[in-house]
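Here is the structure we will look at.
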Amino acid sequence: MAIKFETIKAGDVLWDYRSERAGNTTMRRWGNWSVKIIEIDHAAGWARVSWNGNPSTKWYRHNLEKLRRTKGKESGW
């Protein structure tokens with residue numbers, strides 16, 4: 001379930017859970033990626049995050065509200 005922007009705080013680790021392509025095929029599977037909240041500005045509606053361990057970037061409210069607090073179920077092969 002998605003979360004509210006107002007409840008997110010710096011230091012949280014959230015999860016990006018969505019469908020992805022399974023290799024070089026037309027099949028789809030579900031994937032999980034960690035999103036670490038580094039800095040957040042509630043007044044401006046953005047946060048600096050590190051997605052899957054990559055360098056930090058700025059994400060806005062509409063992207064952050066799609067994240068989850070718990071890791072989703074991964075599909076098996």
Side-chain angles (χ1 to χ4, degrees):
M1 183 170 166
I3 60 175
K4 294 199 178 274
F5 179 74
E6 293 77 22
T7 63
I8 301 172
K9 58 185 181 298
D12 284 352
V13 176
L14 305 175
W15 292 92
D16 184 10
Y17 180 66
R18 59 185 157 155
S19 179
E20 67 174 344
R21 296 245 340 241
N24 191 22
T25 67
T26 58
M27 295 187 315
R28 308 290 292 177
R29 68 177 183 156
W30 288 98
N32 290 296
W33 297 272
S34 63
V35 179
K36 183 173 181 178
I37 308 298
I38 297 170
E39 165 189 7
I40 190 157
D41 186 347
H42 287 284
W46 62 268
R48 185 152 307 278
V49 304
S50 174
W51 183 82
N52 200 31
N54 291 319
S56 64
T57 58
K58 188 185 276 191
W59 281 22
Y60 291 93
R61 173 187 291 261
H62 67 276
N63 295 107
L64 294 166
E65 289 180 338
K66 295 176 185 176
L67 301 176
R68 298 170 175 231
R69 292 241 179 242
T70 58
K71 188 173 182 179
K73 180 181 174 187
E74 292 187 38
S75 62
W77 287 98

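When reading the values below, keep in mind they use all heavy atoms of this one structure, side chains included, and skip hydrogens, waters and symmetry mates. All of these numbers come straight from a predicted model, not from anything done at the bench.
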field: For W15, ring pair (Phe, Tyr, Trp, His ring centres under 6.0 Å) partners two or more places apart
entry: none

message: According to salt bridge (Lys or Arg N to Asp or Glu O under 4.0 Å), does anything in residues 43-55 pair up with another residue at least two apart or in another chain? List the pairs.
response: none

- prompt: Linking Ile, Leu, Val, Met, Phe, Trp and Tyr through side-chain heavy atoms less than 4.5 Å apart, which residues share a cluster with W46?
  reply: Y60

Residues in side chain to side chain donor-acceptor pair (under 3.5 Å) contact with S56, at least two apart in sequence or another chain: none

message: The criterion is salt bridge (charged side-chain N to carboxylate O under 4.0 Å, His left out); which residues satisfy it with D16, sequence neighbours excluded?
response: R18

field: Non-neighbouring partners of S19 that pass side chain to side chain donor-acceptor pair (under 3.5 Å), sequence neighbours left out
entry: R28

message: Which residue is it: L14, V49, L67? I am looking for the one with a side-chain contact (heavy atoms from CB on, under 4.5 Å) to I8.
response: L14

- prompt: For T7, which residues count as a side chain to side chain donor-acceptor pair (under 3.5 Å) partner, sequence neighbours excluded?
  reply: R69

Side chain to side chain contact (heavy atoms under 4.5 Å, CB included) against R61, all qualifying residues, sequence neighbours excluded: F5, E6, E65

query: With sequence neighbours left out, which residue pairs that include part of residues 33-43 fulfil the salt bridge (Lys or Arg N to Asp or Glu O under 4.0 Å) condition?
result: none

statement: The salt bridge (charged side-chain N to carboxylate O under 4.0 Å, His left out) partners of K9 (sequence neighbours excluded) come to D12

task: Please name all residues satisfying side chain to side chain donor-acceptor pair (under 3.5 Å) with E20, sequence neighbours left out, ordered by chain then number.
output: R29

